[in-house]
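Fair warning: this is a prediction, and the values are worked out from it, not measured in the lab. Each residue takes its place number in the sequence, starting with 1. Every heavy atom of this structure was used, including side-chain atoms; hydrogens, water molecules and symmetry mates were not.
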Amino acid sequence: MNEADSLTEIFRGGLPHCLLIVFSLLLTCSPVMPSEFEVISMSKYDLNGQHYGSRVASISLEARSLYSWNTSRHCVLTRLTDLSIHDFDKLRQGAGGLILMLPSNILNLDPETKELITILEQSMLTHTAAVPIYFAPYNKDLEKIIDDITYTTTDSPGQNQTALAQLVVTVSANRYHINVGGGSIAANKNSKIPIIHGELIPNQLALKPTESVADGQKLPVILITANLKTFGIYNDYPVNADAAVLLVLMELFSKLHYTSSMAPKYRLRFLLSDAGVLLNFQGSKKWLEVDDNALQNVEFVLCLDTISESLSYTTDNALYMHVSKPPKDKTSISNFFKLLKSSAEKYSDGLAVEGVHKKINLADTKLAWEHERFSIKRYPSFTLSSVKSPRSPIRTTIFKNDESRLVEHTLNTTRIIAEALASFMYKVDSTSSIFEGQLAIKEENILPYFGVKSILHNNDVKDAFEKYLNNVKIIYDKPDARDPEFMFYNENEVKLNVYRVKPAIFDLFLTFVIGAYLLAVFLAIQYFPRFYDEVSKLTKEDPAGQPNGHSSERVRMKSH
């Protein structure tokens, strides 16, 4: 009975402490409260039956670094600046997900890194991805997580050389679990591309007494086109310099057209549509199908494409005129090219104007430049651009450099184009300046148009067209229900949740520890009586045993 009471007292005092140890171990291996971050899904769209972007949205996988993932059960978390095209090609097919943290400031990157980013960006835009891809704005906490998973998987060989030390590092290392609830990806049946157009007809007062408004409609036409860049690798775009130049030209020439003494013998038409190079200039294609008669008396078509580089990593200072066929001497395009060169020499500091000839590849499903849409219809046309190659990644980048430099370059290019166009329309010498004084082009003219967005999202573009032009119309290019040429997909706002957990080997290690602990408790209970007897024997006095030293001394004293 005494032994049972002693056992009860032992566990009554020690068991709570044992349970605290077990609970502490369990809490150690349980996920920590998640860290939440903003993420942006990569753009998803279809074009001519080809899929771009990923059709998968949700992620619930272990986070791994760019250097340690190996299966589709891993989601790679890394910086955009650390990713190469070769890495991306492997990840888009084999990993379970990809999350890229954007740079904190693109201006701080060296030119080589900027170039690599834009090349990677173009590669991502032109390939199908089998895995969900998200972009996260720069965040210090997310950067620490990236450093943590990279450090624990790329430790230098000189450290932890013994197997035991490597095992300790593996067991004690932190792991992260990533969760992104993207939901289902569904095609947007209401996908459409808006195209807005209008024209400048000379003031009726500027016509001769023998001429009528109908005669004004017969004047030769100059069409100026541009595209609103509404998305890139994700659904955003920093600036729309091409649209800004078109809108400024529209504002400037409207002042001339409505002045009786300055009305030219030309009709100016303006065409602006959403999504250019990424959707193969669908807006221009649709407009030509709907309003082909509008170009019966066309002088030439001037297309604006990447008129200012939003992210420049080269020192080129040139304006290129791209044509599908070299213009013959004394034609409208040839004369305009000469005026453009003269205007650049006068109003710029070292800006070179060069002509680039590239034949149309009819076997290619994607066109290189927008003017090719018009050249196929045998309309004289060309594209003005600050890039020489149609494959330049600058055309589709969403990143930008110093905005003040961008505004200055756009302002200078607008002045050159406006003066050359005015010299052509008024048949004046290229040395004369038209846009001076009250007509001078200033930053205040450019800046309000830099941030214009899709025609679907606001009325800024529509208001500008209706303010300065006549016969303004908006048409929509919608995908065919049976065989759509293009298709957009619904984008849901999502959050990135990162949980800190222990690796799978830690669970195995913990299992052994808990098993050993339970075995020790079992053995202690099973053999406690025997252990108690042995301890009692050692501590109990034996009266019949051998006498100790004091007893023998008392015996000897009695014998005396």
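- Checking T396 against Q122 by side-chain atom types alone, no donor-acceptor pair falls below 3.5 Å.
- Under the rule for a ring-ring contact (aromatic ring centres under 6.0 Å, His included), the partners of F300 that lie at least two apart in sequence or sit in another chain are F336, F382, F424.
- In this structure I119 satisfies the side-chain contact (heavy atoms from CB on, under 4.5 Å) test together with I85, E115, P393, sequence neighbours excluded.
- The pair E143-R79 counts as a salt bridge, with a side-chain nitrogen and a carboxylate oxygen less than 4.0 angstrom apart.
- A side-chain hydrogen bond (donor to acceptor under 3.5 Å, both in side chains) with T383 is found for exactly one of H371, K358, E370, namely H371.
- A donor and an acceptor atom, one from each side chain of H51 and T128, are nowhere located under 3.5 Å apart.
- Aromatic ring centroids of Y45 and F231 lie under 6.0 Å apart.
- Between the side chains of N235 and S43, not a single donor N or O lies within less than 3.5 Å of an accepting N or O.
- Listed by first and then second residue, the salt bridge (Lys or Arg N to Asp or Glu O under 4.0 Å) pairs that reach into residues 273-290 are K285-E485, sequence neighbours excluded.
- Listed by first then second residue, pairs satisfying salt bridge (Lys or Arg N to Asp or Glu O under 4.0 Å) with a partner in residues 46-55 read D46-R55, not counting sequence neighbours.
- Here F135 pairs with Y234 under the ring-ring contact (aromatic ring centres under 6.0 Å, His included) rule; sequence neighbours left out.
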Query raised in the report: Checking salt bridge (charged side-chain N to carboxylate O under 4.0 Å, His left out) for the pair K341/E345: CA distance, chi angles, key distance, verdict?
Result: CA-CA 6 Å; K341 293 190 71 172; E345 292 174 0; 5.9 Å; no
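- With sequence neighbours excluded, no residue satisfies side chain to side chain donor-acceptor pair (under 3.5 Å) with S423.
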